[in-house]
Amino acid sequence: MRDLTLAFVGAGGDGAVAAGDIVASACASKGLHIIKTEAYGPQIRGGESSSTVRVSGEPIHAQSDAVDVLVVFSWADFGRFRDEIALADKAIVFHERGDEPPEAIASRTCFGVPFAALAREAGAAGAKNVLATGLVAGALGLPLDAIRSAIARRFAKKAPAVIESNLRIFDRGVLEAASLGPLALEQFTYETGTPKLLMSGNEATALGAIHAGCRFFAGYPITPSTEILQFLGEWLPKLGGSMLQTEDELSAIGATIGASFAGTKAMTATSGPGLSLMAELLGLASIAEIPTVVVNVQRGGPSTGLPTKSEQSDLFQAVYASHGDTPRVVIACSDVEESFHATVDAFNIAEEYQFPVIVLSDQSIAQRRQTVDEVRLQHEVRDRRYPGPEDLQDYQRYRSRPDGVSPMSVPGMAGGIYQTNGLEHDEQGRPSASFQVHEAMNQKRFDKLEAVAERYRLFHRFGAERPEVGVICWGSSVGVLHEALQKMGEEAGRVGVFAPIMLAPLPRHNMQTFIDSCDSILVVELSYSGQFHQYLLSQVDLPRQATSLYSRSGGKPLLASEIVKALQPLLVANRMEVLA
Amino acid sequence: MRDLTLAFVGAGGDGAVAAGDIVASACASKGLHIIKTEAYGPQIRGGESSSTVRVSGEPIHAQSDAVDVLVVFSWADFGRFRDEIALADKAIVFHERGDEPPEAIASRTCFGVPFAALAREAGAAGAKNVLATGLVAGALGLPLDAIRSAIARRFAKKAPAVIESNLRIFDRGVLEAASLGPLALEQFTYETGTPKLLMSGNEATALGAIHAGCRFFAGYPITPSTEILQFLGEWLPKLGGSMLQTEDELSAIGATIGASFAGTKAMTATSGPGLSLMAELLGLASIAEIPTVVVNVQRGGPSTGLPTKSEQSDLFQAVYASHGDTPRVVIACSDVEESFHATVDAFNIAEEYQFPVIVLSDQSIAQRRQTVDEVRLQHEVRDRRYPGPEDLQDYQRYRSRPDGVSPMSVPGMAGGIYQTNGLEHDEQGRPSASFQVHEAMNQKRFDKLEAVAERYRLFHRFGAERPEVGVICWGSSVGVLHEALQKMGEEAGRVGVFAPIMLAPLPRHNMQTFIDSCDSILVVELSYSGQFHQYLLSQVDLPRQATSLYSRSGGKPLLASEIVKALQPLLVANRMEVLA
Amino acid sequence: MSSAPHTVNDYKTDLKPVWCPGCGDFGVLNSVYRALADLQREPHETVVVSGIGCSSRLPGYVATYGFNSLHGRALPIATGVKVAAPNLTVLAVGGDGDGIAIGGNHFMHAARRNVDITYLMMDNEIYGLTKGQAAPTTPSGDRTKSTTYGNPEQAVDPCALAISFGSTWVGRGFSGDVKGTTELMKLAILHHGFAFLNLISPCVTWRGDDQFKALRAKLRAVPEGHDRTDRAAALRLTSEDDHLTAGVLFEEQRTTLVEELMEIRGRAGAGLARPTRGEILRSFAPA
Amino acid sequence: MSSAPHTVNDYKTDLKPVWCPGCGDFGVLNSVYRALADLQREPHETVVVSGIGCSSRLPGYVATYGFNSLHGRALPIATGVKVAAPNLTVLAVGGDGDGIAIGGNHFMHAARRNVDITYLMMDNEIYGLTKGQAAPTTPSGDRTKSTTYGNPEQAVDPCALAISFGSTWVGRGFSGDVKGTTELMKLAILHHGFAFLNLISPCVTWRGDDQFKALRAKLRAVPEGHDRTDRAAALRLTSEDDHLTAGVLFEEQRTTLVEELMEIRGRAGAGLARPTRGEILRSFAPA
Ligand SMILES: Cc1ncc(C[n+]2csc(CCOP(=O)(O)OP(=O)(O)O)c2C)c(N)n1
Ligand SMILES: Cc1ncc(C[n+]2csc(CCOP(=O)(O)OP(=O)(O)O)c2C)c(N)n1
Ligand code: SF4
Ligand code: SF4
Ligand SMILES: [Mg+2]
Ligand SMILES: [Mg+2]
C-alpha cells in the first residue's frame with residue numbers, strides 16, 4: 001500500500017505524540033507526503049493524547065477517514081478519542097499486553113505487546129513509544145534508516161548514551177515485528193524523493209507574514225492560533241522586527257493598526273473570541289483605510305465553544321463583523337501550504353488597497369503538520385502605494401481616484417502630513433457629517449473592493465470539467481473534497497468542485513459560471529447553521545431547487561466518506577433525470 | 001392645510017429648539033399628531049441648531065420631505081443644514097431683518113422680521129424664539145391658547161414675571177403676524193382631540209423595558225442611545241431597580257448577563273460601536289442561554305462614522321455578530337410607539353426562549369419626539385420558564401425538550417443548582433468537546449429559534465392587497481413608505497408593502513407569500529451596501545430578475561419623494577409588460 | 001434553608017478537575033470548600049463566577065451556582081449578579097492573566113465601586129491554559145513560550161494594584177497552605193465590600209516543578225503590628241525586597257455599591273409608594 | 001529636516017475647533033502648539049493619537065500626523081506607532097472617560113511597559129461629548145445626566161493611578177495656565193519613557209461656568225523639596241486634603257519598551273547578519 005495511517009494513543013507520559021513526530025519527520029526526509037494531527041483531553045499535562053500520521057507516496061489533502069495501524073498504550077486513555085478514531089477494516093492494533101481491547105475493537109487483528117516490559121528490558125522503561133515505533137516500522141516496512149536518523153536528531157541535545165539506548169530500543173521493536181508473522185495489511189511501498197519541509201499551518205502563516213515583509217506582530221494568546229505569536233516572537237527580532245504580546249485583543253489589533261499607520265507591515269492573529277473583540281477596530285481600519293492583516297484560526301463555536309476542535313463557523317464574523325457598511329477582504333486557506341500564500345496575498349491586498357484583510361484558517365489546518373515543498377514557498381510581494389512628488393503637492397490623504405485607492409503617506413514623510421479618524425471624513429481626512437461626503441466616501445471604499453475583486457480571482461477548481469454535480473466548499477473542506485473524489489473512482493468524473501479562496505469579495509463571476517455549468521449543486525461546510533450556504537445565497541445565483549447543503553457541527557473533521565455519501569443521492573437523482 | 005411643517009434655525013442661544021418644543025407640546029395637547037426632530041452642528045454648546053416640527057390632524061409616519069414655514073435667526077447658522085432642510089414650493093420664510101437670505105431661498109416668500117429688536121422692545125431680548133413662535137402661530141392659525149399654556153408650563157419653575165413677559169412677547173409675535181397680509185400658504189386647520197403623549201423613541205424603549213418588568217439596566221453612554229440610560233437611571237430606582245453606568249460596553253452587557261442569570265429582567269442599550277464591542281458576550285448569552293436584551297440605536301457608520309445621523313447599517317452586526325453558530329433574535333422598531341412594543345416583545349422572547357435579543361432602533365426614531373396615544377402603550381408580558389418541582393428532581397439545566405427550551409433556575413432556588421459556561425456543554429452544563437454533544441446542543445439552540453419563528457410572526461403589511469410592485473423594507477423606512485403611498489394617490493393602489501418587525505428569525509413564510517404575490521419587488525433601505533437586500537437574498541426566494549434595490553448611505557433621512565421616484569420605473573415597467 | 005450543617009463534601013460536584021497533577025489550583029479549591037463549609041454558606045445562595053483559564057475552571061467543581069464565563073469578564077458578570085440579588089454570596093475567581101491582562105479594567109472598576117464580592121485570583125505568574133505564555137505577573141526577564149528572549153515587561157503586584165484600585169480588603173495566601181488560605185478566604189468572604197485575595201498558586205507545568213518551593217521561599221507573613229488600615233503601609237509591605245507578604249494587607253470600610261444603589265432607591269422614591277404606570281406616563285403628557 | 005525654526009503657527013491646521021466657547025481644551029491645545037514649537041519638533045516626525053471625546057478632537061487641530069481613533073483605544077495605537085517608528089515623537093491625548101473608563105486597561109499596560117510616549121489626559125470630570133454623564137473622575141455625590149440622584153461611585157485620581165500603573169513621569173497641569181502647562185508638557189515630551197500629564201481642563205458646559213474658578217482654587221503647586229523620585233511621597237501628594245497638586249509629581253528612569261525590544265533584537269541576532277529565507281526554512285527541514 002502507498003497510503004498508510006498510523007495512530008498512537010496514550011497518557012501524557014507515554015510519548016504517543018513523540019512517536020508520531022519521529023515517524024513523520026523520518027518520512028518527510030524521504031520525500032513522502034505527511035499529514036500529522038494530534039488530539040488531547042482537556043487536561044493540560046498528563047492527560048490523554050493521540051497522534052495520527054498519514055504517510056503517502058502521492059500528494060494527500062486531508063486526514064484519512066480511518067486508521068490502518070493503531071498503537072494503544074492504554075485503553076482507558078483511548079476512550080476519549082473513541083469517536084474521533086475510526087479503524088479501517090483491515091486495521092491492525094497493537095496494545096499493551098494484558099490491557100485487553102474493548103469489544104468494538106477486538107474484531108480487528110489485535111496484538112498484545114508488552115511495551116513497557118520490553119522497553120525496560122532494552123534499557124529505558126520510558127521509551128515504550130520508541131519501541132512501538134520500531135514495531136510498527138518493522139511490521140509495515142517504513143524507512144528504518146530514516147527513522148533511526150530521526151531518533152538521533154530528536155535526542156541530539158542529549159547525551160550520546162540516550163541516543164544509543166533509544167536506537168537500541170527501536171531496533172528491539174523492529175525485531176519484535178518479525179515475530180508477528182505475516183499480516184493481512186500490505187507492506188507500505190514508496191519511492192524516495194527530495195526531502196520535504198514539515199510544518200504546521202500556523203507556522204506557514206507566520207512564514208507567509210515574514211515573506212510578505214511583516215515586521216510587527218501584536219497578539220494575545222488564544223488556542224489554536226498561539227503558535228503564530230510564538231513563532232513570530234522568536235523570528236521577528238532576528239529580522240529587525242518586533243512581536244508584542246498585548247493585554248488583550250483590542251490592544252493587539254490597535255497596535256497593529258498603529259504600526260501600519262506608521263509604515264510597517266503589521267499583523268495580528270487570533271481565534272473566534274478574539275475576532276469578536278476586534279470587531280470595532282476592524283471598522284476603524286476600514287474607514288481610515290489602514291492596511292491591517294488579521295489571521296483568524298477558527299475553532300468550535302459559539303462562545304468559548306470547543307477551543308481545541310475545528311469548525312468553519314467564523315465565516316459570518318469574518319465577513320460581517322463591525323457595525324456600519326464596512327468593506328473588508330476575507331481570504332481562506334485550505335491547507336498548510338496555502339496558509340503561506342493566503343497570508344502573502346492578504347498583505348499584498350491590505351497594503352495595496354488599504355483594507356483590513358482577514359485570513360481565515362482553522363484548527364485542523366493550523367495545528368496539523370503537513371509536508372510542503374520548499375520551492376513552492378514563493379509568492380510575489382506587493383507594497384503600499386506611497387504618494388509621489390505630485391501627490392505631495394497639496395496632499396490629500398483620501399483624494400478620490402478611479403479605483404478608490406489614494407496614495408498613503410506615513411509619519412516621517414515631509415509633505416504627507418494628515419490627520420485621520422474613524423469619523424466619516426472628506427478627502428482631506430476632516431470629520432464630516434454631510435450626507436454627500438458620506439455617500440462619496442462609502443463609494444470610494446466600496447470601489448476599492450470592486451478593484452480587488454477585478455484584480456484577484458482566487459479560487460480552486462478541480463474535478464469534472466462539465467460536472468453533473470458541482471460542489472462548492474471552502475477552507476479545510478477543500479482537502480476533504482480532493483480525497484472524496486479520489487475515493488469515488490469513476491463516479492468522480494461527474495463531480496466538479498469550486499472553492500473560493502477569496503471569500504470577500506467572492507470571485508462571483510467565475511463562481512456563477514461554474515454554478516451555471518452544473519446540473520445540481522452541493523454546498524459543503526463544517527457549520528451547523530450553514531453559514532457558507534447562506535452567504536452564497538446572498539452573493540450568487542444558486543438554483544434553489546437544485547442546490548443542497550451538506551453541513552454539520554465541527555468538533556470532528558469532515559470525512560471523505562461523508563462527502564461521498566452525501567453525493568450519492570444527487571448523482572442518482574441526476575441519472576434518473578437523464579433516464580426520464 | 002391639515003399637515004404643516006415648521007422649522008426653526010439658529011445659533012445656540014437663539015432658542016430654535018425651544019420654539020419647536022413649545023409648538024409641539026401645544027399641538028400634542030390638542031390631540032394633533034406631531035413628529036419633531038432636531039439637528040445640531042458638531043459643537044456641543046453654542047453651535048448651530050435646528051428644530052423641525054411636523055403637525056397634522058391625520059396620523060403621520062415620518063418627517064415630511066419639505067418645510068412649509070422656515071424661521072431663520074441667522075443665515076450663517078442655516079448653512080450647516082442647507083442640505084437637510086428642503087423648502088416646499090409655497091414655503092414662507094421668516095428671517096432676521098437685515099440678514100438677507102441666500103439666493104436659493106430668496107425665490108420663496110421671505111419676510112425680514114426684526115426678531116431681536118421686537119423682543120427687546122417687548123421686554124426680553126433673549127426671547128426672540130418666543131416672538132417667532134407667536135408670529136408663526138398667528139400667521140398659520142396654530143392653537144394660540146394651547147401655545148400660551150405651553151409657554152406657561154415651560155417657565156413654570158421661573159418667576160411669574162418671566163412667564164408674563166414671555167406671554168407678552170408671544171402676543172407681540174401674533175400681533176406682528178396680522179401685519180403680514182394674506183399669505184400664499186393656506187391656514188392650518190384641525191379638529192381638537194384627546195391630548196397625546198409626546199415622547200422620543202428612546203423614551204418609548206425605556207418605557208417598554210419598564211413595562212416588561214426590566215429592573216436592571218447596565219450601560220455606557222453613546223449617542224444616540226444615551227437617553228435610555230438616563231431615563232432608566234431616573235426611573236428604575238423609583239421602581240426598586242437599578243441602573244449601573246459601567247466602565248465600557250463589555251462590562252455593560254456582562255453585568256446585564258449576570259443580573260439576568262441571577263433572575264432579574266435586565267437590559268443594556270448602545271449604538272454601533274458598542275454593539276461591536278459586545279459581540280463576544282452576545283455569544284456567551286446565546287450558548288449559556290441567558291435572557292439578554294440589547295437595544296442598539298443605529299447611527300451612521302462605519303466606525304465612529306456619523307454619530308448624530310441615522311442609518312440602517314447595523315443590520316449585519318445585529319444578525320451576525322459573534323463568532324461561531326450563534327442563534328439570537330433581532331427585532332426592529334419602525335417608529336416611536338413601536339419602540340415600546342418591540343422592547344416588550346424582546347423581553348418576552350428573551351425570557352421565554354433564553355436568547356439574547358437585539359432591538360434595532362435608529363437615530364431618527366430614537367431621538368425624534370412623536371405623539372403616542374396613551375391607551376396604545378399596553379402589551380402582554382411573559383415571564384421566564386422556571387423549573388417546577390418535577391424539573392428540580394435531578395435538575396438538568398439544559399435538559400432537552402421538544403422546543404429546545406429548558407426551564408431555567410436562578411440562584412437562591414434550592415434544588416436548581418447548576419454550573420454553566422461558554423464552553424460547549426452537555427445537558428447538565430458540564431464542559432464537553434464531544435462532537436455528538438456539540439451537534440445536539442447546536443440543534444437544541446437552533447430549535448429554539450424555530451420555535452420563536454413559529455410563535456412570533458411580527459411584520460407590517462399595508463398598501464395594495466395584490467400588489468404589482470411589492471416593497472420590502474424595515475425599521476424607520478416603514479414610515480417613509482406610508483408617506484410615499486399617501487403621496488402617490490391612486491397609483492398607490494398598485495403598491496404593497498411588507499416590513500418584517502422580527503428580522504431574525506424572519507417571518508419567512510409570510511414574506512415569501514407576499515413576494516410570490518407581487519409582479520416585482522423593490523427593497524428599500526438606508527445602507528450603502530444594501531445589507532437588508534443581501535440578507536433577504538440569503539433568507540427568502542427573491543425573484544432575481546424582478547427585484548430591485550433602492551438603497552443609499554444614511555446621514556439624511558429617506559424621503560417619501562425619493563421612494564415615489566424609485567417606484568416609477570417599476571410601475572411603468574409593469575404596465576409595459578401588461579401592454580405587451 | 002436546610003438545617004443540617006453543610007460539610008465540605010456538600011460543596012463538591014462530581015466533575016473531576018482537569019488540572020495537571022500537582023497544580024496549585026487544587027489547594028485553592030480545597031480552601032474554597034472549607035471556607036464555604038466553615039461559614040455554612042447555603043450552596044443555593046452562593047454563586048461562583050469565573051473567566052477563562054485553568055483556574056477559571058473552578059466553578060465547575062463547586063456545587064453552588066456557578067458560571068465559567070469569558071476570558072476577563074468574571075467581574076462584570078459577578079457585579080450584575082450581586083446587584084440583582086444582593087443576598088447572595090458571590091465569589092469571582094480566575095487567573096492572573098484573566099484578571100490583570102484582559103480583565104484589568106474590570107478589576108479596577110469593580111474595586112472602585114466596592115462591589116460586595118470576594119475576588120480570588122489564582123496567581124501562577126503565567127498563562128496556564130494556553131500553555132505557557134507570559135502573564136502581567138511573569139517576572140521580568142523570564143523565558144516563556146511567548147518570551148523567547150526573556151520577558152521585556154515589568155511584572156505587576158496584584159495586591160498593590162488592588163489597593164490602588166480601591167479594594168476595601170486585600171490579602172495574600174498560598175495554595176500550598178490550605179489551612180491558612182481557608183482562614184483568609186473566610187475573612188475575605190465576611191468582609192463587607194470588595195475583597196481581593198491574591199492566591200499564589202503555582203503552575204507546575206509551565207513554571208516548573210520547583211515553583212512550590214521557590215514561591216514558598218519568597219513568602220513571609222504580615223509582620224505583627226502592621227496597621228492594615230494604613231494604605232501606604234500596605235502598599236509598602238506587599239512585595240518589598242522581592243518578598244511576597246501573606247496575610248491581610250489592607251482593610252477599610254466604605255459604602256458598597258449595593259448600599260449606594262439602595263440609598264439611591266431611597267432618595268428616588270423619597271419613601272413614597274412605587275410610581276404607577278400612569279405616573280410615569282404623565283411625565284410625557286403635554287398638559 | 002527643514003532648517004527654518006518652526007513657529008507656533010506651523011503647528012496649526014485650518015480646522016476650527018468644535019469646542020464650546022470657554023472650554024478648557026483650548027488652553028491645552030495652545031500649550032501643545034507652544035510645547036512643540038519650543039522643542040522644535042518636526043511636524044512630519046510627530047504623531048498625535050487620540051480616542052473619542054471632545055478632548056480627543058485635538059489631533060485634528062495640530063498640523064502633525066494625527067489620528068483621532070476610537071473611544072478608549074488611543075494608547076494601543078500610539079504604542080504600535082512608537083514601536084514601528086521609534087524616532088517619532090508620539091503624543092497620546094484624550095479625555096478622562098476615554099483613558100480611565102473604557103481605556104483604563106490600556107493605560108495600565110502602556111504605563112507598565114514604559115512605552116516612550118507622552119500621554120495628555122484632559123480631565124474635565126465628565127463625559128463632555130456625550131453631553132454630561134459621570135466619568136470615573138466625577139466627584140462622588142455629584143448630579144450629572146447619568147446620576148440623577150448623585151454619583152454613587154468613588155472618583156479616581158488619575159495621577160495616583162498613573163503612578164501605581166508604573167508611569168515613569170507623572171505631572172499635573174491646569175488648562176487655565178497655558179504657560180505653566182506648556183513647560184510641563186515640554187518636560188513630559190522630553191522624558192524618556194511613559195509620561196503622563198493630567199490636565200485639569202474644565203468643561204464649562206456640563207460642569208458649569210464656575211469650573212475654572214472652582215478647580216483653580218483646589219490647585220496648589222508641588223511643594224519645594226518634594227522628592228519626585230519618591231513614589232510614596234508622590235502618591236501622598238497628588239490629591240491630599242482634596243487639593244490637586246500641580247507640577248511634576250513623580251519621575252524615574254526605567255528601560256523603555258522600545259529599548260527592551262531593541263535589546264531583544266540584539267539577543268536574538270547575537271550580532272549576526274539577518275537570517276536568510278533558507279535559514280528560516282531550514283528549521284522545518286526534517287533532515
Ligand atoms: C478573548 C479571549 N482571548 C484569549 C483567550 C485564550 N485564553 C484562555 S485562558 C488564557 C489565559 C490563561 O491565563 P490565566 O488567566 O492566568 O489563567 P491560568 O490558566 O493561568 O489559570 C487565554 C489567553 C480566550 N479564551 N478568550
Ligand atoms: C465604544 C464607544 N462607546 C461609547 C462612545 C460614546 N462616547 C464618545 S466620547 C465618550 C466619553 C467622553 O468623555 P471623555 O473621554 O472624558 O472626553 P470629553 O468629551 O470629556 O473630553 C463616550 C462615552 C463611543 N464613541 N464609542
Ligand atoms: S497548566 Fe499549570 S495552571 Fe494549568 S492545570 Fe496545569 S499546572 Fe495548573
Ligand atoms: S462639552 Fe465640555 S468638554 Fe466638550 S467642548 Fe464643551 S466645554 Fe469642552
Ligand atoms: Mg495564570
Ligand atoms: Mg471628560
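Reminder, nothing fancy here: chain letters follow the sequence lines and each chain counts from 1. Just so it is clear, the values below take in all heavy atoms, side chains as well, and ignore hydrogens, waters and symmetry mates.
Using a 4.5 Å cut-off between heavy atoms, B:Ile22 makes no contact with chain C at all. In this structure, chain B has no heavy atom under 4.5 Å from any part of C:Glu260. If you measure heavy-atom distances from B:Ala28 to chain C, the contacts under 4.5 Å come from both the backbone and the side chain. Looking at C:Leu281, the atoms closer than 4.5 Å to chain B (heavy atoms on both sides) sit in the backbone and in the side chain alike. Of the two parts of B:Leu198, the backbone and the side chain both hold a non-hydrogen atom closer than 4.5 Å to a non-hydrogen atom of chain C. Within the 4.5 angstrom heavy-atom criterion, atoms from both the backbone and the side chain of B:Ser251 approach chain C. Heavy atoms of B:Leu244 lying under 4.5 Å from chain C belong exclusively to its side chain. Both the backbone and the side chain of B:Thr420 come within contact range of chain C, with heavy atoms under 4.5 Å apart. When heavy atoms are compared at a cutoff of 4.5 Å, C:Leu75 does not approach chain B at all. In this structure, chain C has a heavy atom under 4.5 Å from the side chain of B:Phe216, while its backbone stays farther away. Residue C:Val90: no heavy atom, backbone or side chain, is found under 4.5 Å from chain B.
Panel note: side chain B:Arg153, backbone C:Pro286; a donor-acceptor pair is recorded below 3.5 Å. With hydrogens and angles disregarded, a donor-acceptor distance shorter than 3.5 Å links the side chain of C:Tyr65 to the backbone of B:Val410.
A distance of 5.0 Å separates OG in C:Ser283 from CZ in B:Phe231, rounded to the nearest 0.5 Å.
Contact annotation: the side chain of B:Pro431 approaches that of C:Arg57 to within less than 4.5 Å [non-hydrogen atoms, C-beta and beyond]. Residues B:Phe261 and C:Val47 form a side-chain contact, since some pair of their non-hydrogen atoms from C-beta on lies under 4.5 Å apart. Side-chain contact between B:Ile253 and C:Arg73 is absent, with no heavy atoms from C-beta onward closer than 4.5 Å. In this structure the side chain of B:Leu377 reaches within 4.5 angstrom of the side chain of C:Arg277, judged on heavy atoms. Using a 4.5 Å heavy-atom threshold, the side chains of B:Leu284 and C:Ile77 count as touching. A heavy-atom distance below 4.5 Å is found between the side chains of B:Leu239 and C:Ile280. The side-chain heavy atoms of B:Thr246 and C:His109, taken from C-beta on, include no pair separated by under 4.5 Å.
Closest of all the heavy-atom pairs between B:Ile417 and C:Ala63 is CD1-O, 3.5 Å. The nearest pair of heavy atoms linking C:Arg113 to B:Gln245 is NH2-O, 3.3 Å. Of all heavy-atom pairs between C:Pro59 and B:Gln419, the closest is O-CG, 3.2 Å. For the pair C:His106 and B:Glu247, the tightest heavy-atom approach, listed with the atom from each and the gap, is ND1-OE2, 2.8 Å.
Of the listed residues (C:Val83, C:Leu257, C:Thr64), the one with the most heavy-atom contacts under 4.5 Å to chain B is C:Thr64. Counting heavy-atom pairs closer than 4.5 Å to chain B, the top residue among C:Ser56, C:Pro43, C:Gly66, C:Ala84 is C:Gly66.
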